[in-house]
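In what follows, a single structure is set out as structure tokens and then discussed.
Letters A, B, ... mirror the listed sequences (proteins, then strands); counts begin at 1. Atom set for the values below is all heavy atoms of this structure, side chains included, hydrogens, waters and symmetry mates excluded.
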Amino acid sequence: MAALTDLTLAAARDGLKKKSFSAKEIAEAHIKAVEGARALNAFITETPDKALAMAAQSDARIAKGEARPLDGIPLAIKDLFCTEGVLTTAASHILDGYKPQYESTVTSNLWRDGAVMVGKTNLDEFAMGSSNMTSYYGPVESPWRRQGDNRPLVPGGSSGGSAAAIAARLALGATGTDTGGSIRQPASFCGIVGLKPTYGRCSRWGIVAFASSLDQAGPFARDVRDTAILMRAMAGHDPKDSTSVDMEVPDFEATLDKGVKGLKIGIPKEYRVDGMPAEIEKLWNQGIEWLRAEGAEIREISLPHTKYALATYYIVAPAEASSNLARYDGVRFGLRVNGDSLDDMYERTRAAGFGAEVRRRVMIGAYVLSAGYYDAYYLKAQKVRALIARDFEQAFGQVDAILTPTAPSAAFAIGDKMDDPIAMYLNDVFTVPASLAGLPALSLPAGLSGDGLPLGLHLIGRAFDEATVLRAARTIEKAANFTARPGAAS
Amino acid sequence: MSLIKGETGEWEVVIGLEVHAQVSSNAKLFSGAATAFGAEPNAQVSFVDAAMPGMLPVINDYCVEQAVRTGLGLNAQINLRSVFDRKNYFYADLPAGYQISQYQQPIVGTGTIVLDMPDGSTREVGVTRLHLEMDAGKSLHDQDPRLTYVDLNRAGVALMEIVSEPDMRTSEEAGLYLKKLRSIVRYLGTCDGNMDEGSMRADVNVSVRKPGGELGTRCEIKNVNSMRFVQQAIEYEARRQIEVIEGGGAINQETRLFDSKQGTTRSMRSKEHAHDYRYFPDPDLLPLELDPAWVDNIRASLPELPDPKKARFMKEYGLSSYDAGVLVAEKDTGAYYEAVAKGRDAKLASNWVTGELFGRLNKAGTALADSPVSAAAVGELVDLIADNTISGRIAKDVFDAMFETGKGARAIVEEKGLKQITDTGAIETAIDQVIAANADKAEQVKAGKDALLGWFVGQVMKATGGKANPAKVNELLRAKLKG
């Protein structure tokens with residue numbers, strides 16, 4: 001049975017169609033794997049009964065020859081997606097007991113295509129973090145360990161539970177959300193593929209909001225093809241989200257193997273930051289060589305405003321978050337701590353319900369929007385954001401995709417960087433610019449660090465050109481031939 | 001300009017109004033939930049209105065159309081690009097913790113409202129802007145000694161906030177402004193103007209100054225919900241401010257509440273305690289871009305509005321400014337009048353509609369739409385007067401009967417035998433009888449006491465049950481007594 005959890009999503013799909021195994025068997029194998037991997041704390045809520053019920057429906061459809069594109073495929077869902085009747089926490093105490101009466105559009109799309117939910121995955125509280133350390137439900141452990149060092153490592157964040165679940169073979173694919181790198185950085189840390197699509201490609205309806213102008217849902221999988229398959233299912237226009245775009249979703253899988261011959265790949269010189277570890281730089285150069293060897297034309301490009309991206313992000317995202325999180329007030333749902341007055345109830349509820357990182361960002365956000373500071377912080381950040389987007393626009397006049405490292409380091413140990421929020425924020429230095437510009441970007445595993453941890457490469461594409469990003473990723477994937485797997489899954 | 005006299009001389013009151021007008025729309029501004037008045041608490045609340053996690057607003061195009069229509073009706077600039085902002089504050093009946101409103105880039109810019117002054121003159125008041133925003137819910141503090149209950153039916157309902165320039169100088173002008181604004185939005189069908197149900201509410205800005213001096217510090221009186229209260233609030237507030245200043249004090253810029261029972265205003269919060277709303281563009285909504293052709297289509301579909309209609313009534317029907325103003329205040333009144341006036345004596349029609357009909361309707365507390373007397377019926381009555389079938393005095397009795405029974409004018413005249421007597425013989429007979437019975441008085445008239453002639457006319461009219469043609473009676477009496 002272990003083999004069923006080791007399949008790629010594409011192989012499982014094909015095997016199900018050929019009736020080599022049933023959806024029930026795949027579901028059971030994954031339910032067992034999830035139970036066996038509880039030490040990782042990757043899931044906040046396991047949904048085995050739901051998984052079996054959905055698998056039974058898939059089997060019935062397959063038997064009738066009415067299989068849907070994802071029938072029987074077990075998926076892990078980041079607990080930021082509202083799921084009807086299933087506890088949805090955003091990893092926050094403040095959403096205690098919250099069971100939505102509605103299903104997010106993205107998960108609805110997946111269930112429409114026949115996918116099976118194995119559970120809701122752990123994350124940084126309200127997706128605020130790069131380590132999965134801020135979860136009310138405790139940190140997630142990466143299934144990876146450094147060679148000769150058994151200290152538990154972080155899976156990255158905020159979608160740490162989803163990334164760990166995929167790396168540990170607890171599901172064939174997972175959903176994540178990415179605001180400044182929350183899909184790509186954990187994908188890099190966990191040695192899997194993660195794609196943040198273009199802003200507007202996936203509906204945000206039913207996803208607990210962090211920073212509305214940046215949040216995007218995207219898939220995790222163990223290879224590029226599986227990522228392409230999931231991306232297609234998740235995407236699509238949704239009239240319930242005014243920022244979702246009414247554009248056709250291409251068959252990304254169909255164009256995966258077109259190669260990179262003739263593609264122009266940009267290498268932004270500003271990403272060669274001071275203090276970048278030599279092995280990251282080496283991997284980046286290796287990626288460049290792989291693409292060149294397959295016929296891509298490599299060009300150095302300039303994204304001059306890159307150095308302001310992190311500062312800009314840490315104004316815009318907290319500003320939006322401070323407003324988005326105002327609804328968690330103890331009045332209508334979730335946690336309530338009663339007080340002597342309405343204001344007292346708000347203060348007690350929010351003090352008890354939000355963790356330190358969330359409180360920090362809410363306060364920063366309220367500050368940068370407040371009278372007298374708005375122009376100096378929020379408005380200026382918006383202007384810089386426009387300049388960053390313009391940098392990319394100009395670059396994409398010369399190149400078809402951009403290659404960078406995903407993160408400035410491999411995974412770090414649980415507990416590290418906790419006393420220094422700025423060091424933690426630096427994890428996102430390579431991922432944040434694409435978020436600010438709303439561009440599609442993907443991380444894929446391309447090599448190992450000296451101590452045996454996965455390192456990711458990062459591809460950024462033109463708006464709505466996920467297809468090219470996936471093609472280039474597929475080329476690197478073939479060249480890199482990344483076969484390492486975490487100890488916990490071997 | 002009318003000034004208020006204080007101890008140190010005269011004071012000028014400066015008034016500006018911010019009117020919240022509920023957009024007539026079946027669905028809310030950002031959700032599909034219903035907006036009907038009077039539903040069970042929390043029966044019209046969508047997940048969006050309740051600000052459930054992950055819910056997103058989607059603009060209701062019809063509300064946008066209504067706002068544009070209103071802007072066009074106010075002769076205002078329509079901004080083809082406008083932006084929705086979040087106005088952040090915590091309150092139990094504001095589920096998201098922010099109100100979606102428009103701050104720096106409203107959908108409608110400057111416009112004008114023309115006030116119809118009682119002396120028939122007009123006066124223009126500037127409109128600064130109109131923007132769209134969502135309403136909050138309602139907190140019910142009187143349901144429980146300790147707890148507050150929240151009803152979210154109103155939460156998310158579309159409002160137009162219409163802001164005036166500080167162009168008004170008397171409470172009367174403020175009343176006329178509200179009246180005219182209400183009239184315009186009702187013509188347009190963009191707001192029902194129903195102040196009792198909260199469809200229109202006003203925030204009133206009041207300051208005082210010495211005539212021609214610098215503007216004084218203003219106070220804002222929040223949420224006044226009737227025209228009478230607006231006027232009361234202004235009058236109280238102006239006198240209060242004058243007293244404070246003349247007493248050596250200074251006005252603090254603050255928000256005040258109107259107490260309708262006492263007719264007074266009291267401080268709610270000072271400028272120092274004003275909220276910092278932390279406005280910023282709502283990232284869930286794209287800027288609102290309007291197609292000029294779409295705006296033109298709305299413009300082309302506008303009904304004739306009160307001001308042009310009034311001008312037409314004055315020109316076409318020869319009405320006074322005042323009468324025309326009364327007749328065009330409501331769309332159905334104007335239509336009713338025109339149905340009566342068509343092909344008839346327009347002035348007579350106006351007198352009957354604005355005088356008798358409105359008087360009776362007012363007294364009965366009946367709306368024109370429910371009037372027991374139709375426009376055709378009033379027209380018939382006017383016809384009977386015009387062709388001398390009945391006198392104006394009899395017509396009033398006929399009208400009363402029409403109002404009571406709903407029967408036609410001609411039917412009542414026939415039934416009650418109220419036809420005017422124009423037959424000379426019959427009138428002469430009556431005159432002869434009156435003269436015979438009052439021979440002494442007749443002698444006096446003949447001797448030159450003309451003042452008694454009127455008394456004889458009255459007696460003859462009485463004898464004929466009012467049906468005699470008064471002109472004829474006069475003529476014949478003169479011939480008999482003075483001839």
Side-chain angles (χ1 to χ4, degrees), chain A residues 80-82 88-90 92 95 98 100-102 104-105 126 200 203-209 211-215 238-244 316 319-320 322-334 342-343 345-347 350 365-374 378-379 382, chain B residues 30-32 42 45-61 83-100 103-104 136-137 139 141 146-150 152 155 271-272 274-289:
Chain A
L80 203 62
F81 291 80
C82 291
T88 298
T89 68
S92 181
L95 273 167
Y98 184 64
Q101 297 172 60
Y102 47 89
S104 84
T105 298
F126 282 102
S203 169
R204 293 183 296 112
W205 193 88
I207 300 172
V208 175
S212 309
S213 74
L214 295 156
D215 296 344
D238 179 4
K240 297 201 292 278
D241 174 2
S242 309
T243 63
S244 103
V316 174
E320 294 181 10
S322 72
S323 177
N324 282 335
L325 268 58
R327 68 188 55 199
Y328 306 103
D329 57 7
V331 173
R332 300 171 315 289
F333 48 78
L342 182 62
D343 285 347
M345 183 192 83
Y346 286 153
E347 285 169 14
R350 289 166 67 83
Y367 180 80
V368 300
L369 289 175
S370 59
Y373 298 96
Y374 180 88
Y378 184 77
L379 199 60
Q382 289 294 11
Chain B
F30 296 112
S31 83
N42 294 312
V45 185
S46 75
F47 295 134
V48 175
D49 306 324
M52 292 294 182
M55 292 298 96
L56 299 172
V58 175
I59 186 75
N60 177 341
D61 291 343
V83 172
F84 286 103
D85 297 280
R86 292 187 184 176
K87 179 180 179 179
N88 295 283
Y89 66 94
F90 281 94
Y91 202 62
D93 57 24
L94 187 72
Y98 56 84
Q99 177 194 31
I100 305 176
Y103 185 46
Q104 284 175 335
S139 290
H141 301 293
R146 221 168 48 79
L147 300 173
T148 293
Y149 285 69
V150 176
L152 295 180
K271 189 187 176 188
E272 292 72 40
H275 292 296
D276 180 352
Y277 289 120
R278 290 172 283 124
Y279 280 102
F280 75 107
D282 191 334
D284 287 333
L285 292 160
L286 303 172
L288 191 57
E289 311 264 2

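Residue R332(A) touches chain B through its side chain alone, counting heavy-atom pairs closer than 4.5 Å. For a residue to count as touching a neighbouring chain, one of its non-hydrogen atoms must lie under 4.5 Å from one of that chain's; by this rule F81(A) does not touch chain B. There is no contact between Y89(B) and chain A, counting heavy-atom distances below 4.5 Å. Residue contact with chain B, scored on non-hydrogen atoms closer than 4.5 Å, involves the backbone and the side chain of V208(A) alike. Neither the backbone nor the side chain of Q382(A) has a heavy atom closer than 4.5 Å to any heavy atom of chain B. Looking at F47(B), the atoms closer than 4.5 Å to chain A (heavy atoms on both sides) all sit in the side chain, from C-beta outward. N324(A) touches chain B through backbone and side chain together, each having a heavy atom under 4.5 Å away. Heavy atoms closer than 4.5 Å to chain B are found nowhere in L325(A), neither backbone nor side chain. Contact of N88(B) with chain A is made through the side chain alone, with heavy-atom distances under 4.5 Å. For P239(A), the part lying under 4.5 angstrom from a heavy atom of chain B is the backbone only. Contacts between Y98(B) and chain A at a heavy-atom distance below 4.5 Å involve the side chain alone, from C-beta outward. Only the side chain of D329(A) has a heavy atom closer than 4.5 Å to any heavy atom of chain B. With a 4.5 angstrom heavy-atom cutoff, A366(A) touches chain B via backbone and side-chain atoms both. Only the side chain of L342(A) has a heavy atom closer than 4.5 Å to any heavy atom of chain B.
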Run the numbers on F30(B) and F84(B) for ring-ring contact (aromatic ring centres under 6.0 Å, His included), then give the verdict.
CA-CA 11 Å; F30(B) 296 112; F84(B) 286 103; 5.4 Å; yes
For side-chain contact (heavy atoms from CB on, under 4.5 Å), just list the numbers for D284(B) and R204(A), CA-CA rounded to whole Å, side-chain angles, deciding distance to a tenth of an Å, and then say yes or no.
CA-CA 9 Å; D284(B) 287 333; R204(A) 293 183 296 112; 3.0 Å; yes
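More than 12 heavy-atom neighbours from other residues, nucleotides or ligands sit within 6.0 angstrom of CD on E289(B).
Rounding to the nearest 0.5 Å places CD of Q104(B) at 13.5 Å from CZ of F280(B). Of the inter-residue distances, the one linking E320(A) atom CD with L369(A) atom CG reads 9.0 Å to the nearest 0.5 angstrom. From S92(A), atom OG reaches atom OH of Y98(A) across 13.5 Å, with rounding to the nearest 0.5 Å. With rounding to the nearest 0.5 angstrom, the NZ atom of K87(B) is 12.0 Å from the CG atom of D276(B).
Checking D93(B) against S139(B) by side-chain atom types alone, a donor-acceptor pair falls below 3.5 Å.
Between Y328(A) and F126(A), a ring centre-to-centre spacing shorter than 6.0 Å is recorded. Checked against the 6.0 Å centroid criterion, the rings of Y373(A) and Y367(A) qualify as a close aromatic pair.
Of the listed residues (A50(B), G97(B), P95(B), P57(B)), the one with the most heavy-atom contacts under 4.5 Å to chain A is P95(B). For chain B, the option among L379(A), V331(A), D215(A), I207(A) with the highest count of heavy-atom pairs below 4.5 Å is I207(A).
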